[in-house]
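Before any comments, here is the structure.
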Number of protein chains: 4
Amino acid sequence: MAVKPKKPTLIEEVRRKQVIETAIQAIASRGFAHTTLADIAKMAGVSTGVITYHFKNKDDLLEQCIRTLFEAPNNFVTERVDMQRTYVEKLRVYIESNVEFMLKNRNHSIAMVQSFGFLNAEEEKFRITSRQHTKIRNYLIRIVDGGKKHKEFRDVPSTTIAQLILASLEGIMIQWALSEKDVDLPLYAEQLVDMITRQVRIAS
Amino acid sequence: MAVKPKKPTLIEEVRRKQVIETAIQAIASRGFAHTTLADIAKMAGVSTGVITYHFKNKDDLLEQCIRTLFEAPNNFVTERVDMQRTYVEKLRVYIESNVEFMLKNRNHSIAMVQSFGFLNAEEEKFRITSRQHTKIRNYLIRIVDGGKKHKEFRDVPSTTIAQLILASLEGIMIQWALSEKDVDLPLYAEQLVDMITRQVRIAS
Amino acid sequence: MAVKPKKPTLIEEVRRKQVIETAIQAIASRGFAHTTLADIAKMAGVSTGVITYHFKNKDDLLEQCIRTLFEAPNNFVTERVDMQRTYVEKLRVYIESNVEFMLKNRNHSIAMVQSFGFLNAEEEKFRITSRQHTKIRNYLIRIVDGGKKHKEFRDVPSTTIAQLILASLEGIMIQWALSEKDVDLPLYAEQLVDMITRQVRIAS
Amino acid sequence: MAVKPKKPTLIEEVRRKQVIETAIQAIASRGFAHTTLADIAKMAGVSTGVITYHFKNKDDLLEQCIRTLFEAPNNFVTERVDMQRTYVEKLRVYIESNVEFMLKNRNHSIAMVQSFGFLNAEEEKFRITSRQHTKIRNYLIRIVDGGKKHKEFRDVPSTTIAQLILASLEGIMIQWALSEKDVDLPLYAEQLVDMITRQVRIAS
DNA sequence: AATGAATGAGCCTTCATTCAT
DNA sequence: TATGAATGAAGGCTCATTCAT
């Protein structure tokens with residue numbers, strides 16, 4: 001008899017998505033540490049058992065949340081970036097659509113900042129976060145390299161530039177999560193785009 | 001009977017410092033969520049009771065940790081920045097000495113990133129972090145304003161520039177905490193200084 | 001509306017037997033405590049619902065298991081014993097066929113030993129086990145009494161002898177369940193037959 | 001710094017003993033499966049936390065219980081057996097003092113029967129039970145061998161005799177645990193001594 | 001007859017906090 | 001000051017049971 005190939009029913013997938021989304025909302029408002037399964041269940045309007053029925057355990061759920069926290073903005077952003085033709089435009093759109101996503105999903109941003117708190121190398125949560133960072137950085141490196149190849153950019157260190165863009169976006173997320181009113185995101189994006197462009201572009 | 005007038009003995013202060021420092025090390029290695037008072041006590045070589053004897057409760061201890069996490073690098077950095085005469089130099093030293101502190105105190109950096117993950121607006125820990133951010137930002141704003149006043153800088157938006165510097169430093173801290181080998185901090189600092197300088201300085 | 005007159009369909013009976021047998025296998029390999037209905041269902045290749053559909057509840061299933069655990073060897077043994085003419089032969093065959101059944105159904109023996117461990121006087125499971133013990137003892141008493149009546153046996157205390165035979169068989173089952181290789185069952189049977197015979201038979 | 005050598009304080013040892021004894025009583029009356037830590041704690045008049053403070057977890061406690069369940073009667077019995085000079089006497093006293101211990105500690109016997117339910121080879125509880133059985137059997141083998149060497153016993157198979165004695169004692173424990181009034185233990189002991197003696201002794 | 005998603009009570013376990021010594 | 005035994009609330013997890021399909 002063949003091993004059952006783990007067929008995730010439709011309803012199964014829907015429930016999981018629902019629970020993950022609710023969990024993210026819960027994390028955003030209570031913080032990672034103070035979010036209990038009972039909280040999430042109550043917010044989702046289901047019983048506690050549902051969660052451990054659909055997820056192996058709490059950590060499994062949190063891992064899915066972290067994954068979603070990275071993939072959702074990533075999909076949103078890359079979709080827009082890939083439509084641009086010039087590399088200067090790609091960088092501009094990368095920054096702008098990241099900020100756009102943040103503005104549209106403040107809770108996601110808050111939850112993501114919270115997720116930085118899981119840096120115990122023993123945990124799968126750590127590895128997921130780490131892998132996502134690498135993925136993002138590589139995506140940016142490819143853009144910078146493309147810009148250099150097409151003579152749009154001068155010979156800047158691609159990795160460092162990628163780190164800089166990622167850092168300045170995750171960094172502002174922290175400040176904005178801590179105090180919304182203290183940060184004017186569109187203005188920040190504009191300034192960041194200006195600065196990055198000035199830094200990488202071949203002077204005309 | 002009168003309330004004991006809070007006479008922080010010398011030994012008292014030493015013990016507190018010791019416990020706070022141990023707690024930071026514990027947080028760095030286990031993560032915020034998994035650090036128990038028993039862990040800290042054992043690492044410090046004292047009994048559990050010592051902690052609740054010297055601190056009101058666990059949150060009190062964590063608050064002191066967060067405060068230390070911000071104040072230690074802050075003292076290190078401002079001391080060096082204030083010695084600089086030109087504003088371009090101040091910005092350069094600000095960035096460089098931040099990175100220097102990180103390199104000298106990796107565990108502090110890791111613990112600080114961890115601390116971002118436990119931010120619940122209802123908590124004092126949140127307010128402390130928020131206040132520290134404001135303080136840092138104001139310090140940077142004053143430098144930028146100074147540079148503008150002394151005609152070293154052109155008319156850049158001070159607040160945004162301050163946010164950008166803070167973000168790019170806290171942001172890189174996350175990447176470096178997640179994967180030390182993936183980030184060349186000195187190179188990053190150099191690039192960041194170059195970029196910021198280029199952005200603010202009046203073209204000569 | 002009249003109560004459904006309990007019409008145990010053929011298929012119904014087949015299903016029940018199948019589930020009971022699977023449950024016994026599960027108990028033998030996982031232990032009473034760790035056998036869940038989900039385990040049994042999965043092993044039987046059916047859904048969880050099937051079990052509670054065919055059995056009132058988990059305890060009902062376990063009770064049927066215990067009953068089977070006693071009745072199966074009992075049927076096997078009495079069938080053979082009743083064919084013997086002399087009482088000495090009856091005792092010999094009683095012991096030997098018990099051991100034969102054990103060798104042919106190791107998992108049943110293991111499950112039976114496990115079942116001893118979950119006896120709470122308040123439970124029906126306890127009463128079933130107790131009743132089965134009485135039944136077996138009475139069967140053996142009748143044999144011993146027969147032997148005495150037909151002058152094959154001397155005047156031994158029938159009840160005690162019955163207890164002794166039952167005890168030495170259930171007792172060895174424990175040792176054999178714990179460690180198969182440490183017990184040579186046929187040799188044990190031979191020695192037990194020899195000893196019991198020597199004890200009850202009228203010296204010739 | 002040397003590893004702390006785990007010094008079990010006096011009070012620590014007392015507490016552990018107390019909890020173990022209470023647990024045995026609880027197991028005897030409720031059964032292994034239905035005994036919760038809360039039950040034990042309440043019976044012992046302490047808080048739930050005490051148990052997990054002094055024991056690693058529930059399984060750890062149960063393991064200690066099983067160990068005690070075997071060692072207590074063992075100490076009681078061997079102490080008396082070792083005082084006997086002849087091997088016939090040793091066997092007699094072995095059986096009689098086992099029964100004596102049972103009569104004095106009915107709850108221990110009941111709990112021990114319950115413990116037979118842990119036959120999951122993966123569990124430490126299994127290994128403990130198994131090891132204890134081996135220990136007892138070896139002790140009996142040594143007696144039988146001694147009897148043979150000193151020409152008190154004829155050439156019987158030592159291991160099988162040892163198995164038989166152990167089986168007939170553990171077996172009667174089951175019957176007596178299930179129904180006290182159905183088993184006359186002293187009479188049983190007498191008959192068992194008579195039968196074993198008759199079996200092993202060199203006919204005079 | 002059968003399924004399997006959903007429920008929720010019950011239990012183990014962790015851990016901050018207290019307090020007698 | 002310091003200790004560490006003891007407490008008990010809180011939370012994750014298991015699993016028998018129910019029920020709509």
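What's counted below: heavy atoms across the whole structure, side chains too, no hydrogens, waters or symmetry copies. Worth saying up front: this structure is predicted, and the values here are computed from it rather than measured. Each chain gets a letter, A, B and so on, in the order the sequences are listed, and its residues count up from 1.
- If A:His34 and B:Ser47 are placed on DNA chain F by their nearest nucleotide, the residue sitting closer to the 5' end is B:Ser47.
- In this entry the distance linking CD1 of D:Ile11 with C1' of F:dT3 reads 13 Å, nearest Å.
- Residue B:Lys58 contributes atom NZ, which lies 15 Å from atom P of E:dT18 at whole-angstrom precision.
- Side-chain atoms of D:Ser115 come within 3.5 Å of backbone atoms of D:Met112 as a donor-acceptor pair (strictly under, hydrogens ignored).
- Side chain of C:Ser130 to main chain of C:Phe126: no donor-acceptor pair is present (N/O by atom type, distance under 3.5 Å, no hydrogens or angles).
- Rounded to whole angstrom, the span from the CD1 atom of C:Ile40 across to the C1' atom of F:dT14 amounts to 15 Å.
- To the nearest angstrom, C1' of E:dA1 lies 10 Å from CD of C:Glu12.
- When distances are taken from the side chain of C:Val50 to each of F:dC13, F:dA2, E:dT3, the shortest belongs to E:dT3.
- Of the candidates F:dG11, E:dT3, E:dT14, the closest approach to any side-chain atom of D:Thr52 belongs to E:dT14.
- For the salt bridge (charged side-chain N to carboxylate O under 4.0 Å, His left out) condition, the pairs that include at least one residue of residues 24-47 of chain C, sequence neighbours left out, are C:Arg30-C:Asp39.
- Atom CD of residue A:Glu63 and atom CD1 of residue A:Ile20 lie 11.0 Å apart, to the nearest 0.5 angstrom.
- Distance, A:Glu13 CD to E:dG4 P: 17 Å, rounded to whole Å.
- With respect to the salt-bridge test (charged N to carboxylate O, under 4.0 angstrom), the residues C:Arg131 and C:Glu124 qualify.
- Nucleotides of DNA chain F nearest to C:Thr35 and D:Thr48 differ in position, and the one nearer the 5' end is that of D:Thr48.
- Residue-to-nucleotide proximity on DNA chain E shows that, of C:Val46 and A:Arg15, the 5′-proximal contact is made by C:Val46.
- Residue A:Ile51 is out of contact with every strand shown, counting any heavy-atom pair closer than 4.0 Å.
- Side-chain atoms of C:Glu21 and C:His108 form a donor-acceptor pair, as typed in the model, at a separation below 3.5 Å.
- Screening A:Asp60, A:Ile40, A:Thr22 against A:Ile51 for a side-chain contact (heavy atoms from CB on, under 4.5 Å) leaves a single residue, A:Ile40.
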| Strand DNA chain F in bracket notation, Watson-Crick/G-U under 3.5 Å with | for pairs to another chain | .||||||||||||||||||||

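- Position along DNA chain E of the nearest nucleotide to A:Gly45 versus D:Leu37 favours A:Gly45 as the more 5'-ward residue.
- Distance CG (A:Asn57) to P (F:dG11): 17 Å, rounded to an integer number of Å.
- The interatomic distance linking D:Phe32 (CZ) with E:dC11 (C1') rounds to 17 Å, in whole Å.
- Following rounding to the nearest Å, B:Tyr53 (OH) and F:dT1 (P) show an atom-to-atom distance of 6 Å.
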